[in-house]
**Student:** 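Before I ask anything, here is the structure I am working with.
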Amino acid sequence: MDWTWFHRLASPPHVYRIAGTLTPWFAWPAGLLIVAALYGGLVLAPPDYQQGDGFRIIYVHAPTAWLSVMIYTTMAVAAAIGLIWRMKVAHAAAASCAGIGAWFTAASLVTGMLWGKPMWGTYWVWDPRLTAQLILLFLYLGYMGLRAGIEDTARADRASAVLAIVGVVNVPIIRFSVDWWNSIHQAPSVMKMDRPSMPADMLVPLLLMLLGFTLYFFAVLLVRLRAEILRRERSASWLREALSA
Amino acid sequence: MKEFFAMGGYAWFVWPSYLLTFLAVIANIVIARRSLAAAQAEARRRLAIAGEEG
């Protein structure tokens, strides 16, 4: 098997260049999908028979919650690759994920509270799903704090990678908390084995929003990854090449 | 239009959710772009110093 693609992936100048080329290919479709999903979710979708127009919070709550766990998983996988193959670019990618993930975890918590108040009668309960999501926020903040506290980049990479990998046990806990425990949080309506329990005019905007947010994340990640690679790189020759291009 | 903004009585919960989410979306774009611009400026500065020495 030809492994040159893997070695090129490990090369910072190559990744820097590719990331710059790829960014608009994620950003524009993301923008279009999100605008279409906003129109579909706020205007076209009918009110829910139980929750009325309050259910429309799903179009921002589900995508932010999805990003919060998807970004964490991406971060842990990148950290593991960095640790196992000593790949600096993978460590840089993991470090670039944390800040974005923390924002969207906070957004999922706040939108969840704003949905909980009218539907459950309270902003917050110490429910398994809600508590696990709060722990996710602390994992992101802990990861960022740990990195900020270690001067040497290589040591910060290794220490924070271990934290990211250990913390990944929280991901299945978040996912299955509503099945394992008697949770106030509703069960999934889209990501389950059988058919989604939603009519198409409600479901389609949600799927567009989830896809749009996913592409948006990769666009933002690529920009942050380029910044991270530049900050780490000491070789003058490729810096000159990268900046002139 | 007035009906649309009223959100069937859920306006106080629906609109702040959207506002906060898109605040996070825009903030992350701004943070990423500023971070890249700063790293590029810093790299140019390092190259200029390296150029003087070399």
Side-chain angles (χ1 to χ4, degrees), chain A residues 20 23 27 30 34 38 41-43 47-48 51-61 63-64 67 96 99-100 102-108 110-119 213 216-217 219-234 236-237 239-240 242-243, chain B:
Chain A
T23 306
I34 291 171
L38 276 175
L42 287 171
V43 181
D48 183 68
Q51 302 194 0
D53 287 315
F55 98 97
R56 294 183 204 279
I57 295 175
I58 199 173
Y59 298 113
V60 286
H61 179 66
T64 52
L67 276 196
S96 308
I100 315 168
W103 269 94
F104 285 96
T105 309
S108 77
V110 176
T111 55
M113 290 167 84
L114 286 166
W115 199 1
K117 182 65 180 168
M119 302 307 161
F213 268 66
Y216 157 86
F217 159 65
V220 172
L221 176 66
L222 288 172
V223 176
R224 286 183 82 137
L225 177 61
R226 294 182 86 204
E228 186 69 26
I229 288 173
L230 271 189
R231 271 197 295 270
R232 289 162 176 245
E233 198 51 51
R234 292 283 171 261
S237 65
L239 274 185
R240 195 169 289 122
L243 292 175
Chain B
M1 209 56 182
K2 205 175 160 191
E3 202 179 308
F4 174 71
F5 285 108
M7 275 290 146
Y10 291 107
W12 207 95
F13 303 102
V14 173
W15 296 119
S17 304
Y18 278 75
L19 194 73
L20 280 160
T21 299
F22 284 93
L23 188 79
V25 166
I26 290 162
N28 272 282
I29 296 171
V30 172
I31 292 167
R33 294 181 71 151
R34 279 193 185 167
S35 164
L36 180 58
Q40 285 171 335
E42 168 66 19
R44 278 196 194 91
R45 203 182 56 82
R46 282 211 311 264
L47 275 182
I49 295 168
E52 280 165 25
E53 285 168 354

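Quick caveat: nothing in here was measured; it's all calculated off a predicted structure. Protein chains get the first letters and strands the later ones, always in sequence-line order, with residue 1 at the start of each.
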**Student:** For A:Leu42 and B:Phe4, which heavy atoms make the closest approach, and how far apart are they?
**Tutor:**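 Closest heavy-atom pair between A:Leu42 and B:Phe4: O-CE1, 3.3 Å.
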**Student:** Chain B: which of A:Val110, A:Leu38, A:Ile34 shares the most heavy-atom pairs with it under 4.5 Å?
**Tutor:**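 Winner by heavy-atom pair count: A:Leu38.
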**Student:** How many angstroms lie between atom CG of B:Leu36 and atom CG of A:Leu230, to the nearest 0.5 angstrom?
**Tutor:** 6.5 Å
**Student:** Output all donor-acceptor pairs under 3.5 Å across chain B and chain A; consider backbone as well as side chains.
**Tutor:**
{"from": "B:Gly8", "atom 1": "N", "to": "A:Asp53", "atom 2": "OD2", "distance (Å)": "3.3"}
{"from": "B:Tyr18", "atom 1": "OH", "to": "A:Arg56", "atom 2": "O", "distance (Å)": "2.7"}
{"from": "B:Val25", "atom 1": "O", "to": "A:Tyr216", "atom 2": "OH", "distance (Å)": "2.6"}
{"from": "B:Ser35", "atom 1": "OG", "to": "A:Arg231", "atom 2": "NH1", "distance (Å)": "3.4"}
{"from": "B:Gln40", "atom 1": "NE2", "to": "A:Tyr16", "atom 2": "OH", "distance (Å)": "3.1"}
{"from": "B:Arg46", "atom 1": "NH2", "to": "A:Leu230", "atom 2": "O", "distance (Å)": "3.4"}
{"from": "B:Arg46", "atom 1": "NH2", "to": "A:Glu233", "atom 2": "O", "distance (Å)": "2.5"}

**Student:** Mind ranking A:Pro118, A:Ala107, A:Gly52, A:Gly54 by heavy-atom pairs under 4.5 Å with chain B and telling me who comes out on top?
**Tutor:**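 Of A:Pro118, A:Ala107, A:Gly52, A:Gly54, A:Pro118 has the most heavy-atom pairs under 4.5 Å with chain B.
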